[in-house]
Structures are given as C-alpha cells and as structure tokens.
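First comes the structure, then the notes that go with it.
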Amino acid sequence: MSVVVRFAPSPTGYLHIGGARTALFNWLFARSKGGKFLLRIEDTDRARSTDDAIEKIFEGLRWLGLDWDGEPVFQFARAARHADIAQMLMSEGKAYHCWSTQEELEAMRAKARAEGRQPRYDGTWRDRDPALAPKDVKPVVRLRAPQTGETTVHDMVQGEVTVPNAQLDDMVLLRGDGTPTYMLSVVVDDADMGITHVIRGDDHLTNTFRQVQLYRAMGVEPPVFGHIPLIHGPDGAKLSKRHGALGIEAYRDMGMLPEAMRNYLMRLGWSHGDADVISTEQAVQWFDMSQVGRSPSRFDMQKLTSLNAHWLRERSEEDLIGMIEPLIQAEGFSLDATGHRRLAAGMAGLKARCRTLNELAEAAAFYVEPRPIRIANDAVKILDEAARQRLAAIAPKLADVEEWSEAALEAACRQHAEQVGVGFGKLAQPLRVALTGSTVSPGLFEVMAVLGKDEVVARLDDAAQGRNGEKKARQ
RNA sequence: GUCCCCAUCGUCUAGAGGCCUAGGACUCCACCCUUUCAAGGUGGCGACACGGGUUCGAAUCCCGUUGGGGAUGCCA
C-alpha cells in the first residue's frame with residue numbers, strides 16, 4: 001500500500017514553527033516512502049479564516065521547499081459532503097439530534113467537574129423522543145458513541161494508548177446552523193483523500209480517540225496515527241507569540257536559509273544516531289517514524305543560527321550573491337558589474353565569517369559601496385592622526401606594487417612596516433578601517449586583491465584626508 | 001478537578017540490561033592558528049529528577065513520588 005499523508009493547517013494566522021515542523025515530518029515521511037504529500041486547508045472556521053493566511057501558508061511551504069502533490073483541498077468547499085455523511089449516520093441511527101443549549105452544556109460540565117468527573121455532555125438527547133424538542137433551539141447532530149468498553153490507538157510515536165469510552169462523550173458532528181465541525185470534516189476528508197498515515201502534533205492525541213469512533217461508525221478503517229511531540233518556548237511552556245513564536249517568513253527575513261531551517265526542525269524530535277548536520281537529501285533517506293521521540297523540545301535560536309552558518313558556507317558564491325542582492329539594494333547600494341565581480345571574488349572570505357544572509361549582506365557592503373565609504377562608529381577612533389599619517393605614507397608604496405597579488409601585497413606591507421619601524425599590527429587595523437570601514441573584515445590582502453589597486457589607493461587617500469561616507473545604519 | 005503523555009549536560013539529542021568512570025551537537029571557557037573577526041584544530045566545564053523494586057548486573061524493565069506538558073469547545 002502506498003503512503004498518502006497530508007498537512008492540514010487552519011488558515012487563521014501565519015505558518016508557525018510548529019506547523020512547519022509538522023509539515024516537514026509529513027513531507028519527509030512521504031518522500032522517504034515514495035508516497036504522496038497532500039495539502040488541505042482547514043478553513044471551516046469562517047470567522048477566523050483569511051485569504052491572507054492561506055497565502056502565507058503557501059508561501060511558507062514553498063520557501064521551505066516542501067512541495068505538495070496535487071492541488072490543495074479546501075475543506076469548507078466540501079461542507080455539503082460532510083453534512084451528507086452526518087445525515088447518513090443519522091439515518092443509520094449512529095448519530096442523533098441534540099437540543100441542549102450552551103447554558104445547559106455549561107451546567108453539565110460544571111456539575112461533572114464538581115463531582116470529580118471528566119466534564120462531558122451527558123447524553124440527554126441520546127435516547128429522548130425528538131417530539132419533546134424545544135421549538136426555539138436549533139439542534140446539533142451528535143455521534144452516538146459507544147459508552148462502554150475502551151478505544152485504543154496504535155500510534156507510531158506514542159505506542160498503544162487506551163482510553164475508556166466512558167471518558168469520551170458524544171461529539172458534535174453538525175453545528176446548530178448545519179455546518180460541519182472539525183472532527184467530522186477531518187475524518188471525512190482524510191477518508192476521502194485516502195490518507196494512510198496521519199502525522200500531526202501531540203495536542204491532537206486526545207481527539208484521535210473520538211475520531212477513531214467516527215471512523216468505526218462510518219465503517220471506514222482508520223489511518224495509522226503518529227503524534228509528534230510539541231515544540232515549546234525557552235521556558236518550557238507551549239510555544240506562543242509571547243516567546244517570539246514567529247511565522248516561518250520571519251526566519252526568512254532574519255536571513256535564514258530554508259535548508260538550515262529544515263535541518264534544525266527535523267532534529268526537533270527526530271534523530272538518526274549522532275548526526276546533527278543533515279542535508280535534506282540525506283534526511284529523506286534516513287527518515288523513520290520509529291526514531292521520533294516522545295518528549296517535547298524547546299526552540300533554540302542559537303542552534304538554528306549555527307546550522308544556518310554551516311549551510312550558508314555550503315552555498316555557492318553565485319547563489320549567495322543572488323540572495324543578498326536585494327538586501328544590499330535595501331541598504332541603498334546598487335550592484336554593478338564591478339560590484340558583482342568583487343563579491344564573486346570576495347564571497348569565500350565573507351561567508352566564512354557570517355551566520356545569516358543579513359549578516360552577509362552587511363559584511364559585503366564595503367565591496368560595493370561608492371567612495372568615500374562609511375566608517376563605522378567604533379572604527380573611527382582607529383583613524384587617529386598617527387594612523388592617517390601611516391596610511392598616507394603607505395599609499396604610494398602600494399601604488400608601486402606591480403603584481404597585484406595577495407602575496408606581493410603582503411610582502412610590500414610587511415616591508416614597509418619594517419622600514420618605518422612599526423609593528424605590522426599598528427598598520428593593519430588602520431588599513432582595514434580605511435579599506436572596509438570596519439574593524440572586522442576578511443583578510444587584509446584578500447580585500448586589497450579584490451578591490452584592485454586604484455580603489456585601494458583611493459580609499460587610503462580618503463582615510464588619510466579624513467573623508468567619511470554618510471553614516472547610515474552601520475555601526 | 002478528570003483523562004492522556006513526557007522526564008539523559010542550560011538546549012537539541014545518542015543510548016532499545018552489561019560496549020556507559022554516559023557519546024555527539026549548540027552555547028560557554030582555555031589554548032593553537034593569526035593582520036581583525038570568523039572559520040578550523042585541540043582541550044575543558046556540564047546530565048541519567050527522586051524513592052522503591054526486578055536482575056549477577058539498570059540511564060535502559062516495573063511501581064510510586066515530584067516536576068513538566070497536552071486535552072477537556074456548536075475552535076482547529
């Protein structure tokens with residue numbers, strides 16, 4: 001039997017980190033088994049579902065590289081089908097009308113709680129004559145669930161979990177206005193879509209017992225379930241906005257790479273021995289639900305960032321230039337042929353020092369900005385009177401260097417330092433600041449080689465004369 | 001309250017009775033490299049929640065305690 005899984009978010013907000021991880025696990029499972037990964041938008045809550053959220057979810061999944069098979073299914077469009085199933089269950093006596101009001105329900109729950117029992121609907125209308133129904137209440141349809149015995153779920157992650165049926169009540173299938181509830185819609189859709197494995201957050205585990213009862217009532221074999229542990233915030237509580245639980249696009253905007261995001265997310269709850277740095281291709285080969293743990297994990301930005309640094313270095317120079325170009329433009333610089341050539345030449349030195357695309361764009365700016373370049377606030381003090389004199393002195397020496405190579409430049413600089421009797425360190429930092437505008441940069445001679453003689457001499461002159469570009473956001 | 005789940009370094013985790021004086025990764029610290037910062041290399045700090053069993057032997061199995069989480073909707 002071939003595997004069919006789905007990711008079924010409700011479009012009431014952005015694609016958050018937990019949803020992204022659930023989608024990833026489903027995707028990994030499908031791809032590793034040669035199965036299908038379907039997408040279903042659970043938009044049955046009309047008040048909270050928005051088109052904007054739907055678009056955000058598509059965007060998020062596409063950015064993450066989680067391609068789905070076929071067209072997305074919109075759950076609300078299938079409401080009539082869901083209602084039909086409810087009617088069928090009614091006609092078979094497996095479901096019934098219930099006229100209990102919200103107030104009555106609340107009273108039932110309060111009573112049960114007060115008596116130390118599980119709060120639940122007490123089955124008032126389960127066997128009562130519908131002729132007794134109040135005229136001013138629109139009835140809901142409830143499942144006639146078994147009241148004795150127990151329901152067991154064989155979960156790929158949680159193992160065998162059993163709950164007494166007395167603990168479960170007769171769930172609502174159709175609301176008073178005739179629209180289907182989540183419980184009904186999910187089960188009907190999963191059945192109709194031929195879903196073989198339901199992989200979702202642990203918070204759905206208790207729903208599963210009820211859903212299994214519904215499958216039984218419908219005469220359909222339930223899929224295999226796999227409830228993956230939730231992701232918590234740094235304080236151990238359920239990840240929420242308070243923790244900065246952001247949409248996946250926020251991580252993109254921080255300069256994270258999708259492959260880094262996948263790598264980080266797949267390791268939350270899943271492992272393959274010692275492996276930490278795992279490519280997506282490797283994960284598809286290795287992914288195995290039996291290696292999914294049962295305990296929740298916490299979101300750790302530092303580890304994500306560290307993984308991002310790794311995957312950043314794996315990217316080609318051209319890829320990275322393409323990705324930071326918009327960021328560089330946002331800083332107010334354009335990328336002309338010279339700038340592009342410099343970035344291509346200097347990217348290896350740049351990317352080893354950066355952990356995110358945003359850092360990379362910032363670190364790369366000095367290669368493309370026009371003279372006089374900006375000098376960062378904390379770098380200005382390096383260019384004191386003595387330093388400026390040294391720069392003025394070395395500029396002509398560099399102008400005389402014939403072979404503009406890193407080795408020749410280093411030789412020239414060291415020779416000059418020796419001649420004027422200063423340690424090379426005294427010379428290096430002013431040079432760095434003059435050429436890059438910062439106290440931190442790739443290797444000095446690499447920078448010189450990339451910039452070219454004319455630009456280097458001109459920047460040294462700028463610095464010697466105290467010319468400083470407009471200070472923007474840089475510091 | 002009730003039901004369900006969970007419990008190894010600060011964090012992510014390896015570990016499926018002896019290979020464990022518990023391994024890796026992130027973080028932190030030190031050293032090496034070095035023109036800065038990274039990267040890289042080497043080393044260090046750092047955990048089996050607690051209490052009972054079972055067993056020749058338990059991080060691994062069982063029970064309890066404690067702690068955490070989830071669910072308890074005519075939301076999904």
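Computed from a prediction, not measured in an experiment: that's the story for all the values here. Chain letters run A, B, ... following the sequence lines, proteins first and then strands; every chain starts at 1.
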Quiz item: Hey, does A:Gly176 reach any base, or is it just sugar-phosphate, or nothing, if we go heavy atoms under 4.0 Å?
Solution: base
Exercise. State which of B:C74, B:C12, B:A25 makes the closest approach to the side chain of A:Ser297.
Key: B:C12
Quiz item: For A:Thr439, which contact category applies under a 4.0 Å heavy-atom criterion: base, sugar-phosphate, or nothing?
Solution: base
Quiz item: Using a cut-off of 4.0 Å on non-hydrogen atoms, how would the nucleic acid contact of A:Gly443 be classed: base, sugar-phosphate, or nothing?
Solution: base
Self-check item: Rounded distance in Å - CD (A:Glu106) to P (B:G1)
Solution: 21 Å
Quiz item: Where the side chain of A:Phe424 is defined as all heavy atoms beyond and including C-beta, which of B:C5, B:C26, B:U35 is the nearest nucleotide?
Solution: B:U35
Exercise. Go ahead and name the base partner of B:A71; Watson-Crick or wobble counts if both distances stay under 3.5 Å, otherwise write none.
Key: B:U2
Quiz item: If you pin A:Trp99 and A:Ala352 to their nearest nucleotides in RNA chain B, which one's is more 5'?
Solution: A:Ala352
Practice problem: Ignoring hydrogens and angles, answer whether the base of B:G23 and the side-chain atoms of A:Asp274 contain a donor-acceptor pair closer than 3.5 Å. | Solution: yes
Quiz prompt | Closest listed nucleotide, where the reference is the side chain of A:His204 and the choices are B:G24, B:A76, B:C74 | solution = B:A76
Quiz prompt | Opposite nucleotide pairing with B:U11, Watson-Crick or G-U, both atom distances under 3.5 Å | solution = B:A25
Practice problem: Counting heavy atoms from C-beta on, name the nucleotide in B:A76, B:U35, B:A14 closest to the side chain of A:Ser271. | Solution: B:A14
Practice problem: In whole angstrom, give me the gap between the P atoms of B:G23 and B:A59. | Solution: 14 Å
Self-check item: Under-4.0 Å side-chain N/O to phosphate OP1/OP2 contact, A:Thr44 with B:A76
Solution: yes
Quiz item: Do NZ/NE/NH1/NH2 and the carboxylate oxygens of A:Lys351 and A:Glu317 come within less than 4.0 Å?
Solution: yes
Practice problem: Report yes or no: is there a donor-acceptor pair, N or O only, under 3.5 Å between the side chain of A:Arg298 and the base of B:U11? | Solution: no
Quiz item: Nearest-Å distance, CZ (A:Phe209) to P (B:U72)?
Solution: 13 Å
Quiz item: With sugar-phosphate meaning primed atoms plus P, OP1 and OP2, does A:Leu230 contact a base, only sugar-phosphate, or nothing at under 4.0 Å between heavy atoms?
Solution: sugar-phosphate
Practice problem: Identify whether any heavy atom of A:Pro442 sits under 4.0 Å from a base atom; if not, whether one sits that close to sugar-phosphate; answer base, sugar-phosphate or nothing. | Solution: base
Practice problem: Measure from the side chain of A:Ala428, starting at C-beta and using heavy atoms only, and say which of B:U27, B:G15, B:U35 lies closest. | Solution: B:U35
Quiz item: If we take the P atom in both B:U27 and B:A38, what is their distance in whole Å?
Solution: 12 Å
Exercise. Using a strict 4.0 Å threshold on nitrogen-to-oxygen distance, state whether A:Arg6 and A:Asp189 make a salt bridge.
Key: no
Quiz prompt | B:U35 phosphate, OP1 or OP2, under 4.0 Å from A:Arg414 side-chain N/O | solution = yes
Exercise. Output the single nucleotide from B:G70, B:G1, B:A76 whose closest atom is nearest the side chain of A:Pro119.
Key: B:G1
Quiz item: Among B:A76, B:U35, B:C74, which is the nearest nucleotide to the side chain of A:Met183?
Solution: B:A76
Quiz item: Given the rule in the ring pair (Phe, Tyr, Trp, His ring centres under 6.0 Å) test, do A:Trp68 and A:Phe7 qualify, once you have shown the distances and angles that lead to the verdict?
Solution: CA-CA 9 Å; A:Trp68 57 91; A:Phe7 174 54; 9.6 Å; no
Quiz item: Reckon A:Val140 touches a base, only the sugar-phosphate, or nothing at all at heavy-atom distances under 4.0 Å?
Solution: base
Quiz item: Side chain of A:Lys303, base of B:A25: donor and acceptor closer than 3.5 Å?
Solution: yes
Quiz prompt | Cationic N near anionic O, under 4.0 Å, A:Lys138 to A:Asp177 | solution = no
Quiz item: Considering every strand shown, what is the Watson-Crick or G-U wobble mate of B:A38 when both distances are under 3.5 Å?
Solution: none
Exercise. For B:G1 and B:A39, measure between their P atoms and round to the nearest Å.
Key: 48 Å
Quiz item: For the side chain of A:Val161, counting heavy atoms from C-beta on, which of B:U27, B:C74, B:C5 is nearest?
Solution: B:C5
Exercise. Mind checking A:Tyr264 for me? I need base, sugar-phosphate or nothing, with any heavy atom below 4.0 Å counting as a touch.
Key: nothing
Self-check item: Nearest-angstrom distance, C1' atom, B:U54 to B:G73
Solution: 45 Å
Quiz item: Is there a donor and acceptor pair, one atom on the side chain of A:Arg353 and one on the base of B:C37, closer than 3.5 Å?
Solution: yes
Exercise. Could you state the atom-to-atom distance from NE2 of A:His232 to P of B:A7 in whole Å?
Key: 13 Å
Quiz item: Roughly how many Å is it from CD in A:Gln118 to P in B:U2, rounded to a whole number?
Solution: 11 Å
Quiz item: Roughly how far apart, to the nearest Å, are B:C62 and B:A16 at atom P?
Solution: 16 Å
Quiz item: Taking atom P of B:C3 as reference, at what distance in whole Å does atom CD of A:Glu115 sit?
Solution: 15 Å
Self-check item: Passing option when A:Tyr251 is tested against A:Tyr14, A:Tyr264, A:Phe299 for ring pair (Phe, Tyr, Trp, His ring centres under 6.0 Å)
Solution: A:Phe299
Quiz item: Among the nucleotides B:A76, B:U36, B:G24, which one has an atom lying closest to any side-chain atom of A:Gln429?
Solution: B:U36
Quiz item: Which value, in whole Å, describes the distance between the C1' atoms of nucleotides B:U2 and B:G46?
Solution: 40 Å
Quiz item: To the nearest 0.5 Å, how far apart are CG in A:Asn263 and CG in A:Leu257?
Solution: 11.0 Å
Quiz item: Between B:G69 and B:C28, how far is it from one P atom to the other, in whole Å?
Solution: 28 Å
Practice problem: Measure the distance from CH2 on A:Trp286 to C1' on B:U13 and round it to the nearest whole Å. | Solution: 14 Å
Quiz item: For RNA chain B, whose closest nucleotide is more 5', that of A:Arg113 or that of A:Asn207?
Solution: A:Arg113
Exercise. Answer yes or no: is there a donor N or O on one side and an acceptor on the other, between the side chain of A:Glu369 and the main chain of A:Arg374, under 3.5 Å?
Key: yes
Practice problem: Report which part of the nucleic acid A:Arg267 touches: base, sugar-phosphate, or nothing (heavy-atom distance under 4.0 Å, all strands). | Solution: base
Exercise. Write down the partner of B:A49 under the Watson-Crick or G-U wobble criteria, each distance required to be under 3.5 Å.
Key: B:U65
Exercise. Take the angle between the ring planes of A:His97 and A:Trp99 and call it parallel below 30°, perpendicular above 60°, tilted in between.
Key: tilted
Quiz item: OP1 or OP2 of B:A38 sitting under 4.0 Å from any side-chain N/O of A:Arg313?
Solution: no
Practice problem: Under a 3.5 Å limit for both distances, which nucleotide forms a Watson-Crick or G-U wobble pair with B:A59, could you say? | Solution: none
Practice problem: Pick the C1' atom in B:A47 and in B:C26, then give their distance to the nearest Å. | Solution: 15 Å
Quiz item: Salt bridge between A:Asp170 and A:Arg120, side-chain N to carboxylate O under 4.0 Å?
Solution: no
Quiz item: Looking across every strand, which nucleic acid part, if any, lies under 4.0 Å from A:Thr151 by heavy atom: base, sugar-phosphate, or nothing?
Solution: nothing
Quiz item: Starting at CG of A:Leu350 and ending at P of B:A39, how long is that distance when rounded to a whole Å?
Solution: 15 Å
Quiz item: Can you tell which of B:U35, B:A76, B:C74 lies closest to the side chain of A:Gln102?
Solution: B:C74
Quiz item: Charged N to carboxylate O below 4.0 Å: is that the case for A:Arg459 and A:Glu455?
Solution: yes
Self-check item: Whole-Å distance separating the CD atom of A:Glu359 from the P atom of B:A38
Solution: 11 Å
